[in-house]
Novice: 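After the structure tokens below, expect a handful of questions from me.
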Amino acid sequence: MTILRHTPKGEIQERSALVINPAKTCQPIGAMYAALGIHGCLPHSHGSQGCCSYHRSTLTRHYKDPVMASTSSFTEGTAVFGGQANLLTALQTIFSVYDPKVVAIHTTCLSETIGDDVPQIAKKAKEEGKVPEGKVVFHANTPSYTGTHVTGYANMVQSMVKYLTQSTDETSEHAAILPGWVEPSDMREIKRIVSLLGVEYVMFPDTDGVFDAPMTGKHVFYPKGGAKLEDIARGGDAKHSFALGHVATTAASEELTKLHKVPGTVVDLPIGIAATDRFIEAMRAVYGFEVPESLNDERGKLVDLLSDMEQYLWGRKVAIFGDPDQLIALTEFLGTMGMVVRHIVTGTESKYIEARLKEVNPEANIKVGGDMFHLHQLMKNEPVDLLIGNTYGKYMARDEDVPFLRSGFPILDRQGHQHFPTVGYMGGIRLVEQILTLIMDRIDRDVEEHKLELQM
Amino acid sequence: MTILRHTPKGEIQERSALVINPAKTCQPIGAMYAALGIHGCLPHSHGSQGCCSYHRSTLTRHYKDPVMASTSSFTEGTAVFGGQANLLTALQTIFSVYDPKVVAIHTTCLSETIGDDVPQIAKKAKEEGKVPEGKVVFHANTPSYTGTHVTGYANMVQSMVKYLTQSTDETSEHAAILPGWVEPSDMREIKRIVSLLGVEYVMFPDTDGVFDAPMTGKHVFYPKGGAKLEDIARGGDAKHSFALGHVATTAASEELTKLHKVPGTVVDLPIGIAATDRFIEAMRAVYGFEVPESLNDERGKLVDLLSDMEQYLWGRKVAIFGDPDQLIALTEFLGTMGMVVRHIVTGTESKYIEARLKEVNPEANIKVGGDMFHLHQLMKNEPVDLLIGNTYGKYMARDEDVPFLRSGFPILDRQGHQHFPTVGYMGGIRLVEQILTLIMDRIDRDVEEHKLELQM
Amino acid sequence: MIEQRPDAQTAKQELVSMYPAKLAKKRATQVVVNDVPESGIVPEILVNSRTAPGIISQRGCTYAGCKGVIMGPTRDIVNIVHGPIGCSFYAWLTRRNMTLPPTPQSENFMMYAFSTDLKEENIVFGGEKKLDAAIQEAYDLFHPKAISVFSTCPVGLIGDDIHASAKRMKEKLGINVFAFSCEGYKGVSQSAGHHIANNQLFKHVVGLDDEIRGSRKFRVNLLGEYNIGGDAFEIDEIFKRCGFELVATFSGNSTYGSFANSHTADLNMVMCHRSINYVAEMMEKKYGIPWIKVNFVSASGTAKSLRKMAAYFEDQDLMDRVEAVIEEEMAKVEVQRRKYAARTRGKTAMLFVGGSRAHHYQELFKELEMKVLAAGYEFAHRDDYEGRRVLGTIKIDADSRNIEELHVEADPEKFRARVDSEAEARLAARGFKFKDYNGMMPEMDPNTLIIDDISARDTEKLIEMWKPDVFCAGIKEKFVVQKMGVPCKQLHNYDVGGPYNAFRGAVNFYRDIDRMVNSPVWKLTLAPWQESAEPALEASVA
Amino acid sequence: MIEQRPDAQTAKQELVSMYPAKLAKKRATQVVVNDVPESGIVPEILVNSRTAPGIISQRGCTYAGCKGVIMGPTRDIVNIVHGPIGCSFYAWLTRRNMTLPPTPQSENFMMYAFSTDLKEENIVFGGEKKLDAAIQEAYDLFHPKAISVFSTCPVGLIGDDIHASAKRMKEKLGINVFAFSCEGYKGVSQSAGHHIANNQLFKHVVGLDDEIRGSRKFRVNLLGEYNIGGDAFEIDEIFKRCGFELVATFSGNSTYGSFANSHTADLNMVMCHRSINYVAEMMEKKYGIPWIKVNFVSASGTAKSLRKMAAYFEDQDLMDRVEAVIEEEMAKVEVQRRKYAARTRGKTAMLFVGGSRAHHYQELFKELEMKVLAAGYEFAHRDDYEGRRVLGTIKIDADSRNIEELHVEADPEKFRARVDSEAEARLAARGFKFKDYNGMMPEMDPNTLIIDDISARDTEKLIEMWKPDVFCAGIKEKFVVQKMGVPCKQLHNYDVGGPYNAFRGAVNFYRDIDRMVNSPVWKLTLAPWQESAEPALEASVA
């Protein structure tokens with residue numbers, strides 16, 4: 001018996017209209033995640049109640065932590081007459097009831113279809129005194145019918161640059177780090193690495209300490225974490241910006257150059273040895289530091305692990321789905337491990353990504369703008385030894401009896417992602433450990449009893 | 001079919017002479033592990049070649065890293081006439097060929113049975129100029145026929161105090177940390193925690209950077225890690241010593257008090273919330289610091305994880321075997337998680353441990369000085385949901401189809417233990433993550449398809 | 001703590017006064033201190049009213065109520081969401097409505113998410129053609145019995161006629177295709193979605209199949225049961241043992257065919273009054289099937305409901321079987337109840353969820369001898385609070401008026417009055433009441449707080465003031481509550497728990513609540529150094 | 001790199017000069033630059049000599065050679081280690097000698113470790129009683145066919161008579177109980193343990209069961225094969241196809257019964273000459289079974305050995321079957337060999353391990369068209385290096401003298417000469433040689449380095465000087481070598497690889513070596529900034 005029993009093996013029917021089991025979701029949730037990476041920020045969803053409710057629920061299930069955001073609660077009338085009234089009331093209510101430092105508004109398919117002019121409404125709110133002194137309201141356009149959740153993240157980060165960064169005349173040495181959509185643990189690790197490199201920096205967004213808040217007996221409405229407004233502002237004075245992940249951060253990086261002449265380097269997400277090397281090289285090209293011994297040691301430990309474990313990884317087939325920036329770095333790293341990535345699917349369409357993936361894995365079946373139904377068909381036609389993707393992959397993994405590494409967004413049925421990074425060299429060690437464990441567990445489960453091994 | 005097919009279910013036959021599937025090994029390997037926690041130290045096994053070879057092999061399989069140690073290579077003649085000649089030659093050879101800073105000699109069942117007087121021989125070697133100026137030779141008696149590998153570790157650490165610590169008149173504020181037998185990653189984490197507490201300290205032994213050395217293209221005969229002689233020496237001037245793990249460190253702690261009047265506190269290994277709390281409280285009692293927010297946050301994250309995940313852990317039965325200090329802290333922590341520890345076996349005999357275990361788990365079947373054959377019989381008579389122990393548990397785990405958490409020494413068939421700590425609050429998060437993953441993986445494997453859950 | 005709690009009036013003031021004047025004024029009518037006079041006429045409460053923009057509410061949207069709640073649990077209909085990708089993704093397997101196909105080959109599309117994934121060009125030039133194509137592609141891949149379409153927010157504005165598309169494709173493919181105009185902005189909560197789902201189900205499916213299958217006696221439908229965590233499996237098992245023939249459940253573990261055949265039943269039993277009473281009403285009008293309110297949450301409620309069902313059929317054997325089952329099960333339950341109540345007695349609970357569970361689950365807390373301090377619904381109407389007696393007096397506001405009211409008449413062929421006037425008299429004489437629901441408030445203690453559409457701010461404040469031992473809500477509230485050191489039981493998805501219905505389900509709930517309110521983990525919140533400046537002595541002993 | 005390598009003489013000097021004068025002098029006779037003159041008489045090498053105390057060697061002890069290597073692979077004998085716990089623990093499943101019991105019920109004690117766990121009081125007052133008790137407890141629990149006892153270091157000194165104990169319990173229990181005085185300090189390496197194991201096995205087990213089972217034709221024993229990674233399974237399969245009746249293997253995948261029956265074979269084939277030639281010699285003397293040297297490592301070696309076996313039996317059908325099998329298998333192997341050799345051609349290897357593999361595995365590297373730069377054994381004797389021709393000239397030192405030499409004579413009943421003088425003549429005429437082993441050195445290139453009992457220091461120095469593409473050794477060396485950026489193949493346990501024997505095994509080895517020498521991981525050692533001070537340009541592009 002299988003769970004996804006209607007997914008056929010054999011020839012794959014092209015589909016032009018119907019998406020089945022999406023490998024993506026819509027922009028606003030990405031905007032909400034990014035906005036929560038600002039300290040004291042309340043994300044606001046300009047649309048129907050359901051959007052906000054769905055985004056909060058999904059983020060909550062992923063993090064098992066509170067996720068606070070408000071909505072314009074559109075009704076039939078709003079859909080006809082537009083959302084201005086609702087947004088004005090909302091802003092007034094928000095500041096009086098939840099007292100945020102910042103409100104980060106993102107739009108929805110509804111408000112975009114209606115055509116609400118959010119900046120104009122925000123302006124009006126200020127004029128009508130609905131926005132208290134010193135409070136900040138800004139917005140990003142995140143129409144659900146273009147791009148994906150990653151685009152929403154990218155747009156919100158670009159808006160942070162646009163509305164929240166400033167440049168003074170004083171030139172400054174610090175770097176601006178613009179992380180792609182990664183976990184709080186990854187944000188923390190990126191900061192640790194940059195600190196080890198001895199480079200002063202500002203980083204935004206920063207969800208470290210936001211979605212992994214301690215249990216204290218109190219609900220801290222605005223968690224300790226998040227990039228401070230004043231730090232974001234300093235992004236405009238940065239000597240150079242380093243954007244991690246092309247799809248999620250290029251727009252912000254270019255915005256920073258455009259607005260404040262801050263030169264920027266966009267690198268892949270620092271997942272795996274090569275990508276982390278490139279990130280550090282990119283910073284070294286600007287700051288010319290000596291890479292500290294401690295970091296070389298972390299790298300050396302990862303290389304050591306790989307060289308010692310190479311025989312267990314070599315030649316094993318992998319299917320992977322997820323978001324483009326992760327896919328590029330991960331498939332490259334899997335190659336470094338000697339694994340063979342056979343099927344790659346991302347829901348986000350992007351010529352650039354398609355080209356990069358082909359470059360990293362010329363042999364693989366690559367579907368950019370595809371869905372999990374398609375991936376499952378590929379897996380049925382050519383089975384793999386490991387599946388990597390978000391929690392929705394578990395049904396395929398069980399049907400095909402394939403070891404399954406949870407990676408990406410959302411992870412609804414396991415814990416750890418918010419606490420342990422997968423970026424950087426130490427993150428690489430964690431990834432290799434996880435993959436090795438999956439592979440060895442499967443061997444220990446399936447191997448004939450007289451072949452059960454004591455040692456690796 | 002089962003692998004351990006001769007292990008009977010039902011009534012358990014008492015055994016007085018035959019040990020089957022030991023949950024322990026002999027002293028010298030513990031002494032070797034401890035000695036390698038001194039920077040520039042070459043452990044020397046005073047006995048037959050085989051001992052040294054076996055210890056090096058086992059440590060190597062556990063760490064996948066080089067393990068260097070020398071031996072007196074006893075022969076028939078030595079067994080008759082004693083090992084003095086061999087040890088004298090050995091010391092001369094060692095210093096000229098391997099140039100260590102320190103040689104840490106431990107005895108074996110053979111040399112102990114012969115009755116070699118190692119201190120006297122070492123003295124003779126010095127007198128005969130076989131020990132170059134400034135080089136240190138010290139020893140620990142580690143007869144294989146008393147105690148276990150943990151005793152050997154304890155004896156070697158006690159000898160470090162006895163031979164390598166000094167006290168000057170100047171009083172000092174620093175603490176002496178005496179860690180029990182834990183992983184390099186744990187040693188690193190303990191140092192991180194003590195640093196966060198703002199207490200200056202010396203710690204020995206310290207295997208951080210010894211068994212988890214980076215791959216550099218060179219074999220560094222004496223790895224970067226390890227406690228430096230001058231730091232160990234300062235142990236004698238410590239304001240207070242904190243010994244982690246009663247069986248592994250009490251002797252050293254008391255030696256330090258006896259020799260240099262350094263007061264000492266022996267606490268449990270800081271595994272789990274309560275034990276880590278007690279470790280910090282013990283230091284606070286002496287130094288009266290404010291616990292930093294960052295550490296409170298780590299604690300809060302662990303509590304948060306436990307409170308959110310409690311439903312998945314609650315009431316599940318556990319069987320555990322391993323070394324006494326680990327067992328005390330782990331069984332306490334498993335209780336905190338709401339799990340029910342049913343069977344506990346350690347090969348190390350100790351009235352104290354038996355009492356402590358009974359105190360922590362009055363309900364459990366506790367066998368101190370037992371073996372894995374006995375544990376397996378207990379598991380057959382009362383099955384459990386999780387088995388925790390070293391790699392040798394895998395045969396029981398497969399026969400009984402029980403999820404298996406590798407923990408303790410040796411772990412021969414998985415990686416990660418040398419890189420990721422299980423001590424402290426972050427270590428607790430790792431343990432909970434690992435246990436949750438094992439439990440959820442098993443549910444996802446076994447549950448009827450219509451009950452497969454998307455979310456936790 | 002309990003003695004330190006401010007009284008209900010003060011608490012209400014505290015809650016209301018957190019809001020700006022205008023809003024506070026409104027909230028004052030949505031937050032009510034309960035009072036249960038002899039008359040049974042409880043205070044009036046303002047409900048089913050728009051959530052103020054900016055307020056962080058529990059509520060979802062019409063689409064969620066229609067696709068997620070009502071239509072989600074049916075396994076053999078291909079549900080295509082017409083809109084941008086998000087809405088399909090978020091409603092994908094996120095409720096725990098289980099389904100158990102009879103064979104490994106049986107159709108089951110529940111684990112699949114289908115969407116037309118509208119893109120900008122579709123928003124600009126219209127998406128109807130894409131919808132047609134999507135239906136065709138679904139048909140070509142799966143050849144299902146039926147396909148249904150759900151429109152999301154923008155569809156309402158760009159002028160796609162999803163019903164026309166459904167009609168077209170129905171004719172083309174020769175299978176049933178029907179659509180739901182459940183745009184998220186309609187109504188004030190999921191409630192509007194329930195109503196829309198009820199209407200379309202009734203219009204397009206109910207009554208299509210007249211064949212009588214299974215027993216001709218004691219044929220019943222169960223309305224408003226969604227098989228979360230396997231609840232329906234428990235109820236089915238009990239029905240079988242009693243001898244009831246369950247024709248259709250709306251919509252837990254349901255199939256397209258069971259809906260089509262549901263008008264062949266002789267009694268409708270309404271469990272979740274809020275989400276489904278529309279169907280019950282319409283089926284009575286069109287087919288003559290009377291309905292009664294039942295509740296299978298709690299052992300006592302289950303016993304009561306079974307007796308009422310048996311009473312309706314006026315069959316002695318049936319009544320005897322029902323009594324036998326109740327006796328056997330209650331004996332087992334009581335043993336467990338005593339055991340757990342000993343550990344939960346006197347502890348306190350709050351419930352803020354849905355349209356019926358905030359009421360029904362109070363029964364279980366009563367059985368645990370716990371005290372309910374406060375409760376409220378997320379999307380209910382006045383009758384769910386005050387009882388159906390107020391139905392006449394509810395004024396229809398704009399938002400409700402926007403939801404289509406089907407005009408239903410008795411079906412010339414298929415109408416059959418199930419209860420003649422004598423029978424009705426006999427039943428009435430025995431105190432048997434049809435379509436009788438008193439609502440939540442009359443069954444709660446005086447001076448408890450009733451709060452409609454509770455907000456995140458209310459939740460925090462309420463817990464601070466009244467420190468309950470357990471709080472029942474949904475996923476968005478769960479970790480807020482637990483950060484405050486109070487365990488939160490999700491009553492939408494049961495936290496991977498359940499079944500909680502019928503007798504065995506009740507015991508499951510006892511066990512889970514005992515675990516939660518007595519878990520040691522809540523005592524770990526403070527580190528020793530946070531509890532006392534003085535280090536514990538024990539630690540400093542050498 | 002190869003051109004930069006110092007020549008063999010210089011390299012030898014470098015190696016030797018690392019040691020103090022006295023030791024250096026000795027090492028100079030243990031490190032030999034190979035030379036293979038016409039005569040085939042290679043230079044003499046000093047071997048089987050004590051490792052200098054303090055030197056970090058590869059060597060283990062006598063117990064390891066006896067319990068671990070020879071007796072470990074037998075599944076149905078309960079092996080009790082008499083001594084403190086360690087020795088039993090360390091020998092527990094740490095070699096990869098596989099065993100495959102015929103049925104799920106068949107006896108298999110291999111996954112168990114048995115020890116008398118001697119404590120201080122036993123050391124002081126003697127452990128013989130405890131040993132008796134342990135044997136009794138083992139018997140009561142398992143009722144095995146046979147129990148054997150292994151003494152560890154202290155036992156030799158405290159005066160326990162394990163043989164007396166074995167005798168006592170044998171009489172008491174009525175099963176075979178025998179013991180090995182294999183204290184770790186005996187001899188200079190594992191080698192002494194092999195000899196002791198051979199002796200006791202021959203004395204206590206071989207010849208106990210005269211019944212002929214299976215085919216009466218082509219009955220052979222395979223000596224010195226330990227089924228690491230399943231090697232024996234490959235060989236068995238080939239034997240079956242050729243029609244050889246394998247009576248016993250010493251001791252891969254073996255049973256007690258097969259040893260007892262092994263004297264019914266007509267030919268002994270010695271694979272690991274070092275560990276087992278004693279048994280071959282003794283069986284020839286006592287039972288008249290001649291022996292030949294074989295090698296199933298490498299495809300060519302396997303073909304050669306099969307042909308020799310067939311030649312011995314002088315049976316045309318057998319020879320035809322053998323040729324058919326060889327033809328079929330070699331065809332398959334050659335396809336693979338070509339594929340892999342194209343990727344490994346010209347690469348270099350070093351082998352330092354055991355008593356025969358450092359020699360046999362060179363065949364596989366030849367098939368991969370790789371060059372062996374240096375090799376040496378861990379515990380071999382001169383004949384293993386220089387060939388059996390030197391046997392007469394080896395002087396027995398004290399350490400060797402301590403190992404019992406059994407005095408064996410032809411068995412009055414059971415001796416049967418397998419080859420009469422004519423047959424011997426016929427075979428000789430065809431160039432067939434019995435007990436013929438030329439050793440490793442004659443088959444190696446001139447100016448390669450031969451190093452006996454290589455040390456950790458030698459290993460490092462040798463790799464620094466000659467940078468091989470792969471280094472073969474054991475677990476203690478593996479990660480030292482790999483830290484230096486050179487892959488290390490374990491030839492004791494194959495790194496969880498194998499089988500490497502016979503035809504399919506050869507292909508496995510080709511694949512693994514290709515993987516290792518061509519793995520990208522070795523190129524990651526240096527970070528970009530360690531390779532060039534100038535940051536890569538690519539990175540700085542905005």
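Every chain is numbered from 1 and lettered A, B, ... according to where its sequence line falls, protein lines coming before strand lines. Below, all heavy atoms of this structure are taken into account, side chains as well, without hydrogens, waters or symmetry copies. Note that this is a predicted model, so its numbers are computed, not measured.
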Novice: Backbone N or O of A:Glu433 within a donor-acceptor pair of the A:Thr437 side chain at under 3.5 Å?
Specialist: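 Yes.
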Novice: By a 4.5 Å heavy-atom criterion (distance strictly below it), what part of A:Ile273 contacts chain D: side chain, backbone, both, or neither?
Specialist: side chain
Novice: Who are the side-chain hydrogen bond (donor to acceptor under 3.5 Å, both in side chains) partners of D:Arg343, not counting sequence neighbours?
Specialist: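 With sequence neighbours excluded, D:Arg343 shows a side-chain hydrogen bond (donor to acceptor under 3.5 Å, both in side chains) to D:Asp514, given in chain and number order.
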Novice: Between A:Asp268 and A:His246, do the side chains contain an N or O donor and an N or O acceptor separated by less than 3.5 Å?
Specialist: yes
Novice: Need one label for D:Asp495: side chain, backbone, both or neither, based on atoms under 4.5 Å from any heavy atom in chain A.
Specialist: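 Answer is both: backbone and side chain atoms of D:Asp495 are under 4.5 Å from chain A.
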Novice: Sequence neighbours left out, what pairs pass side-chain hydrogen bond (donor to acceptor under 3.5 Å, both in side chains) with at least one residue falling in residues 286-296 of chain A?
Specialist: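 Passing the test, one end in residues 286-296 of chain A: A:Glu293-B:Lys224, A:Asn296-D:Trp529.
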Novice: Would you call A:Arg356-A:Glu332 a salt bridge at under 4.0 Å N-O?
Specialist: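 Result for this pair is no, no salt bridge flagged.
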Novice: For A:Asp277 and A:Tyr425, which I'm curious about, is there any donor-acceptor pair between the side chains at under 3.5 Å?
Specialist: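 A donor-acceptor contact under 3.5 Å links the two side chains.
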Novice: Return the option, out of D:Asn108, D:Thr94, D:Thr525, with the maximum number of heavy-atom pairs under 4.5 Å with chain A.
Specialist: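 Highest number of pairs under 4.5 Å: D:Thr94.
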Novice: Under 3.5 Å, is there a donor-acceptor pair between the D:Thr348 and D:Asp469 side chains?
Specialist: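 On atom types as modelled, these side chains qualify, holding a pair under 3.5 Å.
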Novice: Using heavy-atom distances under 4.5 Å, tell me whether D:Trp522 contacts chain A through its side chain, its backbone, both, or neither.
Specialist: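 Only the side chain of D:Trp522 comes within 4.5 Å of chain A.
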Novice: Check whether A:Phe242 gets within reach of chain D through its side chain, its backbone, both or neither, counting any heavy atom under 4.5 Å.
Specialist: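 Neither part.
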Novice: Using a cut-off of under 4.5 Å on heavy-atom pairs, state which of A:Val303, A:Thr336, A:Leu452 scores highest against chain D.
Specialist: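 The option with the most such pairs is A:Val303.
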Novice: If we ignore angles and hydrogens, is there a donor and acceptor under 3.5 Å between the side chains of D:Glu378 and D:His492?
Specialist: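 Yes, D:His492 and D:Glu378 have a side-chain donor paired with an acceptor closer than 3.5 Å.
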Novice: Considering only heavy atoms, which portion of A:Gln311 lies under 4.5 Å from any heavy atom of chain D: side chain, backbone, both, or neither?
Specialist: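 Both parts, backbone and side chain.
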Novice: Are any of the side-chain nitrogens in D:Glu107 or D:Arg75 under 4.0 Å away from the carboxylate oxygens of its partner?
Specialist: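 No, no charged N to carboxylate O under 4.0 Å.
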Novice: Side chain, backbone, both or neither: which part of D:Ile475 has an atom under 4.5 Å from a heavy atom of chain A?
Specialist: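 For D:Ile475, neither part sits under 4.5 Å from chain A.
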Novice: Quick one: what part of A:Phe289 sits under 4.5 Å from any heavy atom of chain D, side chain, backbone, both or neither?
Specialist: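 Neither part, no heavy atoms under 4.5 Å.
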Novice: Examine whether an atom of A:Met456 lies under 4.5 Å from a heavy atom of chain D, and if so say whether it belongs to the side chain, the backbone or both; otherwise answer neither.
Specialist: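 Backbone only.
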Novice: Between A:Asp304 and chain D, with a heavy-atom cut-off of 4.5 Å, which part of the residue counts as in contact: side chain, backbone, both or neither?
Specialist: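 The answer is the side chain of A:Asp304.
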Novice: Please classify the contact of D:Thr99 with chain A as side chain, backbone, both or neither, using a heavy-atom distance under 4.5 Å.
Specialist: backbone
Novice: Mind ranking A:Ala274, A:Ser307, A:Ser241 by heavy-atom pairs under 4.5 Å with chain D and telling me who comes out on top?
Specialist: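 Highest number of heavy-atom pairs under 4.5 Å: A:Ser307.
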